[in-house]
Protein chains: 2
Amino acid sequence: MPGLSRATVARLPRYLRLLEDIDAERETVSSGDLAGAAGVNAANVRRDLSALGFQGTRGVGYSVAPLRDRIRRELGIDSRRRVAIVGAGNLGTALARYTGLGKRGFDVVAIYDVDPARIGERIGELTVLDLERITADCAAGNFEMAILAVPAGAAQPVADLLSSAGISSILNFAPQRVSVPDGVAVRHVDLSVELQILSYYG
Amino acid sequence: MPGLSRATVARLPRYLRLLEDIDAERETVSSGDLAGAAGVNAANVRRDLSALGFQGTRGVGYSVAPLRDRIRRELGIDSRRRVAIVGAGNLGTALARYTGLGKRGFDVVAIYDVDPARIGERIGELTVLDLERITADCAAGNFEMAILAVPAGAAQPVADLLSSAGISSILNFAPQRVSVPDGVAVRHVDLSVELQILSYYG
DNA sequence: TAGATTGTTAATCGATTAACAATC
DNA sequence: TAGATTGTTAATCGATTAACAATC
């Protein structure tokens, strides 16, 4: 049903960023403009937009506003997504304070930790909640996505809790891959893995 | 000269993690063990290790210690890499306090900011330095890699400074892609892009 | 020998890109 | 008409995987 390839989906947010930042007076963009911003080939852009069923005009380009709306709709950004952060350590706290997510359609609605010394602490507009509550809160439909900012050993147990409570997606920053049942989407971002890859090419 | 495919390099750190965490008494691992830990196919593992020129023993598996050392050497982890963090906001501060990097061969040696109110502030063992100094410090060989944790608008200018000062690699957390000259390696990690991709599949 | 596991081939897959006719 | 740019084809590329002979 998705229809769009993984690689195409990964590029849509980049196109969207250009379309949102572009001069309000610009009415059209070419595949070359989009390619430049996203760091890809212009033919690739045309193919992506074609897969989206979005048509441009030969000799002219693509209409900015309709394309922007089409990508937003495809990514589901017209309806906001609610995100919980798990782990109120350095990284979790930093993510909770980051205001850039709100502009992109994501609302951070809760942050959880196991440390009694942290529970109840205020971080921006949020109060750190007891991790014990997370299953109930997730099952109650308070959020659809979670960001894991926990130590390696806690990643899989927390992912299990969330999966059984019906979470849709997990973004995992813990230095440990987690496995989840079918139907739950996961992405891993591992800082030292990223640096090691860079280090190899540097 | 690299010889290893990008995809293979990206998997090596995952294999390494298993090899470092494994029971000290285990002398061998099979491609199936490594595949399970890394979330890939066993044939893929064998192909990767073969590309590395590392041989196993049929019917037995791969020797843990030599394989671990071989991967470390390939990734250049036997020599430590020095990393500077640019931007002492929420994220930059969290990264500076993160102790996981040291265990993986990366030393955070400096953190920079432009805000006079932050310059001189202590973060763990580091003192926030004036961004003005970064070109000189980089050119002096104080570090080889940089992590950008700056606002979107600052990413490209900072990347330009670092490139001209001879940086090897940049890990960019700013919500804005940067372009750099040949010879500088860059990776982008964009939190809201990651969430948008997840959101599509969730 | 019997069971396990490697190393490699061949098939397949998914994605990228050059090129160019179509057409604004 | 002349210039620009799309939409799509065909070629290519890089990576994955099943399968199995080799061999411990």
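By convention in this document, chain letters (A, B, ...) are assigned in the order of the sequence lines, proteins followed by strands, and residues within each chain are numbered from 1. Here the structure is a predicted model, which means the values were calculated and not measured. Excluded from the calculations below are hydrogen atoms, water molecules and symmetry mates; all remaining heavy atoms, backbone and side chain alike, are included.
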J.: Stepwise, does the side chain to side chain donor-acceptor pair (under 3.5 Å) test hold for R46(A) with S30(A)?
T.: CA-CA 9 Å; R46(A) 295 197 294 276; S30(A) 69; over 6 Å; no
J.: Verify salt bridge (Lys or Arg N to Asp or Glu O under 4.0 Å) between D107(B) and R80(B), making sure each step is shown before the conclusion.
T.: CA-CA 7 Å; D107(B) 295 318; R80(B) 301 186 68 79; 2.8 Å; yes
J.: Taking atom P of dT8(D) as reference, at what distance in whole Å does atom CG of N41(A) sit?
T.: 17 Å
J.: Please report the distance, rounded to the nearest Å, between CG in D48(A) and C1' in dT16(C).
T.: 10 Å
J.: Does E144(A) pair with R81(A) as a salt bridge, N-O distance under 4.0 Å?
T.: no
J.: Does a salt bridge link D190(A) with R14(B), judged by any charged N lying under 4.0 Å from a carboxylate O?
T.: no
J.: Judged by modelled atom types alone, do S50(B) and D48(B) share a side-chain donor-acceptor pair under 3.5 Å?
T.: no
J.: Distance check needed: dT5(D) C1' versus E27(A) CD, whole Å only.
T.: 17 Å
J.: Does the salt bridge (Lys or Arg N to Asp or Glu O under 4.0 Å) test come out yes or no for R26(A) and D33(A), once each step is laid out?
T.: CA-CA 12 Å; R26(A) 284 283 299 276; D33(A) 295 335; 3.0 Å; yes
J.: For F106(A) versus S192(B), what's the shortest heavy-atom pair and its separation?
T.: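 Looks like CE1-O, 4.0 Å.
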J.: Tell me whether the OP1 or OP2 atom of dT8(D) has a side-chain N or O from S50(A) closer than 4.0 Å.
T.: yes
J.: Rounded to the nearest angstrom, tell me the gap between atom CG in D33(A) and atom P in dA4(D).
T.: 14 Å
J.: Rounded to the Å, how far apart are Y62(B) OH and dT5(C) C1'?
T.: 8 Å
J.: Show the nearest heavy-atom pair for residues N90(A) and A94(B), with the distance to one decimal.
T.: O-CB, 3.3 Å
J.: Between dT17(D), dT6(D), dT17(C), which one does the side chain of S30(A) approach most closely?
T.: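 Between dT17(D), dT6(D), dT17(C), the one nearest the side chain of S30(A) would be dT6(D).
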J.: Check whether any side-chain nitrogen or oxygen of S31(B) sits under 4.0 Å from OP1 or OP2 of dT5(C), and answer yes or no.
T.: no
J.: So is R6(A) actually on top of Y201(B)'s ring, under 6.0 Å and inside 45° of the axis?
T.: yes
J.: What's the closest nucleotide to the side chain of R46(B) if the choices are dC24(C), dG7(C), dC20(C)?
T.: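 Nucleotide nearest to R46(B)'s side chain: dG7(C).
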J.: Measure all distances between protein nitrogen or oxygen atoms and nitrogen or oxygen atoms of nucleotides 21-23 of chain D, and list the pairs falling under 3.5 Å.
T.:
from, atom 1, to, atom 2, distance (Å)
dA22(D), N3, R58(B), NH1, 2.9

J.: Write down the distance between CZ (F54(A)) and C1' (dT6(D)), rounded to a whole number of angstrom.
T.: 12 Å
J.: Just compare dT6(C), dC24(D), dT16(C) and give me whichever is closest to any side-chain atom of R47(A).
T.: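 Ranking dT6(C), dC24(D), dT16(C) by closest atom to the R47(A) side chain puts dT16(C) first.
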J.: Mind grabbing the angle between the end helix axes of the helix from dG3(C)-dC24(D) to dC24(C)-dG3(D)? Five pairs an end, 10° rounding.
T.: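 Taking five pairs per end, the axes differ by 10°.
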J.: Which pairs, protein N/O on one side and nucleotides 11-15 of chain C N/O on the other, fall under 3.5 Å?
T.:
none

J.: Hey, does the side chain of R68(B) reach the backbone of E20(B) with a donor-acceptor pair shorter than 3.5 angstrom?
T.: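 Side chain of R68(B) to backbone of E20(B): no pair is present.
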J.: Is any side-chain heavy atom of L4(B) less than 4.5 Å from a side-chain heavy atom of L12(B)?
T.: yes
J.: Could you check how far CD of Q55(B) sits from P of dT8(C), rounded to whole Å?
T.: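 Distance check: Q55(B) CD to dT8(C) P gives 7 Å.
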J.: Is E194(B) salt-bridged to R187(A), cutoff N-O under 4.0 Å?
T.: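 Salt bridge: yes.
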